Structure formats: C-alpha cells, structure tokens
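First the structure, in the form of structure tokens, and then the observations on it.
Quick caveat: nothing in here was measured; it's all calculated off a predicted structure. Sequential numbering from 1 along the given sequence is applied to the chain's residues. Both backbone and side-chain heavy atoms feed into the values below; hydrogens, waters and symmetry mates do not.
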Amino acid sequence: MVLPPRPPNICATAWEGVVASQYGLLCAVLNERRDTQDRKYWVGGYGYTISLVTWVKCAQSGCVWCGFLANHFLPNSREWLNQRLMDKWRIQVGRPGTRRNQIEIIIKGHHETFELSTTEGDPAAAWIKDRMIISHVGRPYTLALANACIEECVRGHPECQAITSYPIGSAPLPTRLIDCSHPDHLRIVETDFGMRGTYIALSYVWGEDQPYRLTESNLPRYEIRIDNATLPQTILDAIHVT
C-alpha cells in the first residue's frame, strides 16, 4: 500500500508501522488466549516494539498516537521514566472480535478497550461508523443534523411514511398553535376549520399546576403576544428547535 503524505501530527514510527499495516486499525482481530499456567495473552492484530525513550520523544514532539498511548499507559512520574528510558515496550493493536466500533490496545500485558467514533466528513468516517456524541445541542450544526434525520425519516423510510395518512404539509392543523416564526414575539394563532400544513407537537408531563396556561380569559391577550419570561425552559427549547 502506498500511503499518502505523513501528516505532521503523526511520527514516522507510527505512520510507517501501525497506521501503514492497518490503515484504520479496524481489520486485524485480537484474540485472547491462555497459556498452560492460565495467564492471558493475545494473538493477532498488529504488534510492534518501541523503546521508551523513542516513545516519549515522539509524544513530546506532538505525535497524537504516541501521546495518546503515553497518557493512558505510562506512569506520570519523571523519576520512573528516567530509570526506564532504555526499556523496550511491546505494543499490540487490533479489533476485539466482531465489534467494529472498538479498538483494543495491549502494552506489557495491560490492555484497554476504547470506543471509536468520528464526525461526518472526517477521512476516517468510511471505516468508523459511530459518530461522536454532540454535547452542544443548540448549535446550527446540531439543529441541521436533527433536521436532516427527520427529513430522511419522513421522506426516505417507507415504514415511517406508512404510519401517517397525510402527505408532508397536508395534515389537518389543531385549532390553536403557537406561532414560532418570530421567537421573540410569540403568539397564539387560531386556525380555520379544514386548514392544513405542518406543525410540531410537544408531548411532556406538566408536573405541578402551571401558573401560566391558555384559558378562555387570557386567549385574546395571548393572541397578541406571549411573554417569553412566563414560559418554562422546556417550551422555550421546543420553540427554538421549531
């Protein structure tokens, strides 16, 4: 295999070794075995030997692979490192069985399993199918992703289309809706009988008695404007997503 040019954040040892042999680290399977004294060892995967001094130098030079291994497997003690710098370390890397979203690393008998995930558009996305957990739920990328998933569901899944009797945009509208077109100026709108369109319904448990809720007496006022400060965060979040 002819590798592409080595990126600056991977050392030559890793790029020409573990990366070149696996090109994704997801093909070779590691299998656990036991010797005659019932001690565990592993066969398969990809293995290589590196001196501790080379390993530490590569990590300090910015190699993300060596730095990752050092953070997880090396003691955080300068005295210990100075005493063991010339030691040779055997490193094995592979996939644990059929689990393609994991990678297992064994160093001197100590092993750890890591979950693999990436983002759409990353060069590794073709091999790593799991996607990273999105913690910033209000960002435009997150909302665009959610919208794309909904569009795929309602337009591309025959089983999802089968559970609705109405084409997109032609469902009968409820008698009252919250107009979210201007999030800073919310209001109630009443629909005419037979009006059709697209809307989102929020279903959740109210909990205790709600001091601000729609009644016949406050409907005229809410048709002009709803004070955002009176709405619980759940409602505000739903309006933002809408």
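- Residue L202 is grouped with residue L236 when hydrophobic side chains (ILVMFWY) are merged at heavy-atom distances under 4.5 angstrom, including chains of intermediate members.
- A donor-acceptor pair is defined here as one N or O able to donate and one able to accept, closer than 3.5 Å; such a pair exists between the side chain of T242 and the backbone of A238.
- How far CG of D179 is from CG of L186: 8.0 Å, rounded to the nearest 0.5 Å.
- Note on residues 214-242: no pairs pass salt bridge (charged side-chain N to carboxylate O under 4.0 Å, His left out), not counting sequence neighbours.
- D87 places no side-chain N or O within donor-acceptor distance of the main-chain N or O of V53, the cut-off being under 3.5 Å.
- Legend: residues meeting ring pair (Phe, Tyr, Trp, His ring centres under 6.0 Å) with H240, ordered by chain and number and at least two apart, are absent.
- Side chains of I50 and I91 form a contact here, defined as non-hydrogen atoms less than 4.5 Å apart.
- Residues forming a salt bridge (charged side-chain N to carboxylate O under 4.0 Å, His left out) with D192 (at least two apart in sequence, or on another chain): none.
- Residues W65 and A14 come closest through the heavy atom pair CD1-CB, 3.6 Å.
- Proximity of E151 to N147: side-chain heavy atoms (C-beta onward) are separated by under 4.5 Å at one or more points.
- Side-chain contact between F193 and L173 is absent, with no heavy atoms from C-beta onward closer than 4.5 Å.
- Once rounded to the nearest 0.5 Å, the distance linking CD1 of I105 with OG1 of T113 reads 9.0 Å.
- A 4.5 Å side-chain heavy-atom check between L177 and I188 finds every atom pair outside the cut-off.
- When side chains are defined from C-beta on, H185 does not count as touching I226, because their heavy atoms never get closer than 4.5 Å.
- The CG atom of L231 sits 10.5 Å away from the CD atom of Q210 when rounded to the nearest 0.5 Å.
- The structure places CD1 of I107 at 7.0 Å from CG of L74, a figure rounded to the nearest 0.5 Å.
- Scanning for side-chain hydrogen bond (donor to acceptor under 3.5 Å, both in side chains) contacts around T234 gives an empty result, with sequence neighbours left out.
- Here C58 contributes atom SG and L69 contributes atom CG; the two are 11.0 Å apart, rounded to the nearest 0.5 Å.
- Taken together through direct or relayed side-chain contacts under 4.5 Å among Ile, Leu, Val, Met, Phe, Trp and Tyr, I239 and V189 form parts of separate hydrophobic clusters.
- Closest heavy-atom contact between P174 and T191: O-OG1, 2.5 Å.
- Judged by distance alone, the side chain of N218 and the main-chain N or O of L214 form no donor-acceptor pair under 3.5 Å.
- L219 and I235 fall within the same hydrophobic cluster, defined by Ile, Leu, Val, Met, Phe, Trp and Tyr side-chain heavy atoms under 4.5 Å apart, directly or through other members.
- Scanning for ring pair (Phe, Tyr, Trp, His ring centres under 6.0 Å) contacts around Y222 gives an empty result, with sequence neighbours left out.
- Each of F73, W55, Y48 was checked for a side chain to side chain contact (heavy atoms under 4.5 Å, CB included) with W89, and the lone residue meeting it is W55.
- Summarising the local packing, CZ of R6 is surrounded by more than 12 heavy atoms from other residues, nucleotides or ligands at distances under 6.0 Å.
- Judged as a ring pair (Phe, Tyr, Trp, His ring centres under 6.0 Å), and not counting sequence neighbours, the contacts of F68 are H72, F114.
- Across all their heavy atoms, C66 and C11 have their closest contact at SG-SG, 3.7 Å.
- How far CD of Q92 is from CZ of R90: 5.5 Å, rounded to the nearest 0.5 Å.
- Across every non-hydrogen atom of P5 and W15, the tightest pair is O-CZ2, 3.8 Å.
- Between H157 and E152, some side-chain heavy-atom pair lies under the 4.5 Å cut-off.
- Residue I200 is not grouped with residue M195 when hydrophobic side chains (ILVMFWY) are merged at heavy-atom distances under 4.5 angstrom, including chains of intermediate members.
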